[in-house]
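Because the structure is a prediction, the values reported are computed rather than measured.
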Amino acid sequence: MGTSLIVASGKGGTGKSFVTSGLGITLARLGQRVCIVDADIGLRDQDLLLGVENNVVYDLLDITEKHCDYTRVLIPVPEHDRLTLLPAAQFARVGDMDRDAFRRLIRELKRTNDFVLIDCPAGIERGLRNTLSEIVDDALIVCTPDDVCIRNAERASALIEKKLGLRPRLIVNRLDDELIRAGEMYSAQTVAQTLDLPLTGEIPEDSMVRRAALNHLNPADIMCDSRNAFTRIAGRLTGGNEPLPGFGTGKRSFLRKLLHRKLKEVIAVND
């Protein structure tokens, strides 16, 4: 029996779906059999992130409404023979989904996969929270290191603990080493202490993410800092104890000090 794991956030724009797809690819590359379930109904994007948007025929609601068997909906991801996607419905709401049918689906997917990654809507919509109870084994919250996101992540964490009985693990995304050193951005450790959550991953700000998207590639499929971060996180999810990089908190080498560029001053403009 595999592990079902939700990837959640307190608000949109944290990179939650980006993290879900990257982890799915990385876990599959490490030999795990993985199914990504896009539960962000109405805002479907996992098919785009995985490059299979042209292969979508049926979606999640077709299963829960018993239009077809789930095996007809699963989409194999090219180049990753252990990874499949179950896409969300594009024109629907969570309330349109049959709760019991969704629970049966997740239980069935757990029988045939090592990991079932459920990409949740931002804020974890109420109807989905109730649906997920008793079928989810683990939870990740993706947060960026800013006050608004941390505040919303705190609410999401409280909901997960109350409704699902799980203490989420934290992934902090879009960390900038230089801004942390300058005291302008929270470190991942500070965010974890503020939320009182175990820190499972740190993902740096990475210009290669945008370049990968422009070339219709997932960052987990190219050599970049994000791919390295996903590898560390996937290692922890599979029982390893990969060290956290501690962006902005370690000592810089002499070469990095020499090449360091001074940050521009932030100046408010009064028109």
Side-chain angles (χ1 to χ4, degrees), residues 1-8 16-121 124-125 127-140 164 216-218 220-221 230 234 237-238:
M1 182 69 74
T3 298
S4 56
L5 185 153
I6 62 169
V7 185
K16 166 186 59 65
S17 296
F18 156 74
V19 169
T20 306
S21 63
L23 279 180
I25 289 172
T26 307
L27 286 166
R29 194 174 67 239
L30 295 176
Q32 304 293 315
R33 191 165 295 279
V34 184
C35 179
I36 294 177
V37 178
D38 193 346
D40 200 351
I41 295 175
L43 293 172
R44 184 178 82 203
D45 60 4
Q46 283 297 329
D47 54 316
L48 290 167
L49 289 168
L50 295 170
V52 295
E53 65 273 16
N54 294 327
N55 299 343
V56 177
V57 177
Y58 301 105
D59 58 45
L60 180 58
L61 255 63
D62 287 312
I63 302 171
T64 60
E65 294 177 357
K66 301 180 180 179
H67 294 160
C68 63
D69 183 76
Y70 81 93
T71 56
R72 298 184 64 186
V73 182
L74 289 176
I75 301 173
V77 178
E79 310 301 327
H80 301 285
D81 57 2
R82 292 178 175 269
L83 177 62
T84 55
L85 169 68
L86 203 160
Q90 185 71 70
F91 306 105
R93 297 177 301 172
V94 171
D96 299 329
M97 183 172 63
D98 183 279
R99 184 182 306 176
D100 293 331
F102 184 77
R103 287 176 172 173
R104 288 193 298 270
L105 170 65
I106 299 301
R107 292 191 183 102
E108 185 61 34
L109 289 172
K110 286 171 66 175
R111 292 190 184 97
T112 55
N113 291 276
D114 299 304
F115 283 92
V116 179
L117 304 182
I118 305 171
D119 184 11
C120 292
I124 318 177
E125 201 272 352
L128 187 60
R129 289 199 303 268
N130 295 332
T131 302
L132 292 170
S133 61
E134 301 178 5
I135 61 168
V136 174
D137 305 309
D138 203 351
L140 295 174
L164 305 184
H216 308 288
L217 294 169
N218 192 288
D221 282 328
F230 288 135
L237 291 179
T238 52

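Here the side chains of Ile36 and Leu83 are in contact, with some heavy-atom distance below 4.5 Å. Two residues are said to be in side-chain contact when any heavy atoms from C-beta on lie closer than 4.5 Å; Leu109 and Val37 meet this criterion. Contact check for Ile63 versus Tyr58: no side-chain heavy atoms found under the 4.5 Å cut-off. Asp38 has its side chain within reach of Asp45: a pair of non-hydrogen atoms, C-beta onward, lies under 4.5 Å apart. Asp47 has its side chain out of reach of Ile75: every pair of non-hydrogen atoms, C-beta onward, lies at least 4.5 Å apart. Side-chain atoms of Leu27 and Asp114, non-hydrogen and from C-beta on, never get closer than 4.5 Å to each other. Using a 4.5 Å heavy-atom cutoff, the side chains of Leu5 and Leu237 are in contact. By the 4.5 Å heavy-atom criterion applied to side chains, Thr238 and Gln32 are counted as neighbours.
Rounded to the nearest 0.5 Å, atoms CZ (Arg44) and CD (Glu53) are 9.5 Å apart. Expressed to the nearest 0.5 Å, how far CD of Glu79 lies from CG of Leu50 amounts to 13.0 Å. To the nearest 0.5 Å, atom CE of residue Met1 and atom OG1 of residue Thr112 are 10.0 Å apart. Expressed to the nearest 0.5 Å, how far CG of Leu61 lies from CD1 of Ile41 amounts to 5.5 Å. Asp69 CG to Leu74 CG: the interatomic distance, rounded to the nearest 0.5 Å, is 8.5 Å. Between the CD1 atom in Ile118 and the CG atom in Asp40 there is a gap of 12.5 Å [rounded to 0.5 Å].
Nearest heavy atom pair, residue Asp119 against residue Ser17, reads OD2-OG, 2.8 Å. Residue Leu60 comes nearest to Val73 through the heavy atom pair N-CG1, 4.4 Å, listed as atom of the first residue, atom of the second, then distance. Minimum heavy-atom separation, Leu49 to Asn218: O-ND2, 3.1 Å. Nearest approach of Pro87 to Val56, heavy atoms of both residues: CG-CG1, 4.1 Å. Looking at every heavy atom in both residues, Thr64 comes nearest to Phe102 through CG2-N, 4.0 Å. Considering all non-hydrogen atoms of both residues, Cys120 and Leu132 come closest at SG-CD1, 4.0 Å.
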Ser4 vs Asp137, side chain to side chain donor-acceptor pair (under 3.5 Å): CA-CA, chis, key distance, verdict | CA-CA 5 Å; Ser4 56; Asp137 305 309; 3.1 Å; yes
Go through Ile106 and Arg103 one step at a time and tell me if the side-chain contact (heavy atoms from CB on, under 4.5 Å) criterion holds.
-> CA-CA 5 Å; Ile106 299 301; Arg103 287 176 172 173; 6.0 Å; no
Go through the steps for Thr3 and Lys110 under the test side-chain contact (heavy atoms from CB on, under 4.5 Å), then give the verdict.
-> CA-CA 6 Å; Thr3 298; Lys110 286 171 66 175; over 6 Å; no
Kindly indicate, with the supporting measurements, whether the criterion side-chain contact (heavy atoms from CB on, under 4.5 Å) is fulfilled by Leu140 and Val19.
-> CA-CA 10 Å; Leu140 295 174; Val19 169; 5.5 Å; no
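Note: Phe18 and Phe230 meet the aromatic proximity criterion, with ring centroids under 6.0 Å apart.
For the pair Arg104 (side chain) and Arg99 (backbone), a donor-acceptor distance under 3.5 Å is absent. No side-chain donor-acceptor contact under 3.5 Å links Asp221 to the backbone of Leu217. Checked by atom type and distance alone, the side chain of Arg33 never pairs as donor or acceptor with a backbone atom of Arg82 at under 3.5 Å.
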